[in-house]
Amino acid sequence: MLPILLSFLLLLFPSSLLADDFCVADLAGPTTPSGYTCKKPSSVTVKDFVFSGLGVPGNTSNIIKAAVTPAFVGQFPGVNGLGISAARLDLAVGGVVPLHTHPAASEFLVVTQGCILAGFISTSNDVYYTTLKKGESMLFPQGLLHFQVNAGGVTAVAVVSFSSPNPGLQITAFALFANSLPSALVEKVSFLDDAQVKKLKKVLGGSG
Ligand SMILES: *[C@@H]1O[C@H](CO)[C@@H](O)[C@H](O)[C@H]1NC(C)=O
């Protein structure tokens, strides 16, 4: 009886019963706190599980002399629901990924070229930082402030992986100086002086 019932159900609901292996994001569909809804399994192809962007150097002609190329769910729908994602980090000479957090993910960084000075700050404000050579790795626990700085005379490259398809990224300096939060308030909450705040707002595109 049971096998007959199962075959009957499979005939009725083939995709819903077979869709549990993955949930490739339907980027046109709604998002929920647990991710995107799934693309129809019949329209999923191997391309949904392949991402070529991490082989391409990012453009580091910018104020931080660095580029982050994400393979988050928005760029790589196959990671939806799998609890993972990745990114490529390019740091030109003098480049820096300023102090930032990923609210939703821990990070695992592998240096693939050059040298990177990297570190994080715990919630008890202890600091953990070191210089990593090619082939070395470092962990950045979820939600903690961290940074990466090119520590050599050549472009540095790292591949980072995350424990979420959508790690989120908030850069502290941009949160303080790249928006319209009034300068007087920024000064109050950061203990910085007016000249410093106005200077950084100008550099980073903030107003107010
Ligand atoms: C890199 O970015 C800069 C600044 O936005 C731009 O002028 C330049 O054309 C870009 N280079 C490439 C190779 O895309």
Side-chain angles (χ1 to χ4, degrees), residues 25 27-28 31 46-80 84-105 107-120 129 131-138 140 145-162 164-183 186 190 192 195-208:
L27 294 181
T31 62
V46 66
K47 286 192 181 139
D48 289 305
F49 302 104
V50 174
F51 186 79
S52 307
L54 301 189
V56 183
N59 185 343
T60 57
S61 300
N62 53 52
I63 190 168
I64 59 174
K65 297 185 185 156
V68 178
T69 307
F72 299 168
V73 67
Q75 299 77 34
F76 190 9
V79 298
N80 191 52
I84 55 169
S85 64
R88 174 189 172 120
L89 187 56
D90 289 270
L91 288 162
V93 175
V96 53
V97 181
L99 201 62
H100 65 282
T101 70
H102 305 288
E107 173 175 341
F108 183 124
L109 173 148
V110 186
V111 179
T112 59
Q113 181 182 304
C115 274
I116 295 178
L117 168 58
F120 66 86
Y129 69 96
T131 302
L132 305 163
K133 297 189 300 283
K134 176 177 172 174
E136 293 187 312
S137 305
M138 184 165 177
F140 307 92
L145 286 163
H146 60 284
F147 57 84
Q148 288 101 12
V149 177
N150 188 334
V154 296
T155 295
V157 180
V159 173
V160 291
S161 52
F162 295 95
S164 163
N166 204 4
L169 166 64
Q170 184 168 40
I171 298 178
T172 309
F174 293 3
L176 282 171
F177 309 115
N179 58 31
S180 59
L181 189 62
S183 295
V186 176
S190 68
L192 294 170
Q196 186 69 34
V197 169
K198 296 238 163 85
K199 181 185 138 196
L200 286 165
K201 278 194 176 243
K202 200 159 177 202
V203 172
L204 297 177
S207 61

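Quick caveat: nothing in here was measured; it's all calculated off a predicted structure. Both counts, for ligands and for their atoms, begin at 1 and track the order of listing.
- Using cut-offs of 30° and 60° on the angle between ring planes, the pair F162 and F72 is perpendicular.
- Between T69 and G58, the closest heavy-atom pair is OG1-CA, 4.1 Å.
- For atom 5 (O) of ligand 1, the closest non-hydrogen atom on the protein side is S61 O, 4.4 Å.
- Side-chain contact between E107 and Q148: present, with at least one pair of heavy atoms (C-beta onward) separated by less than 4.5 Å.
- Under the 4.5 Å side-chain criterion, counting only non-hydrogen atoms from C-beta, L91 is in contact with I116.
- In this structure, atom 7 (O) of ligand 1 has its sub-4.0 angstrom surroundings free of protein heavy atoms.
- Here the protein heavy atom with the shortest distance to atom 1 (C) of ligand 1 is N59 ND2, 1.5 Å.
- For atom 11 (N) of ligand 1, the nearest protein heavy atom lies closer than 4.0 Å.
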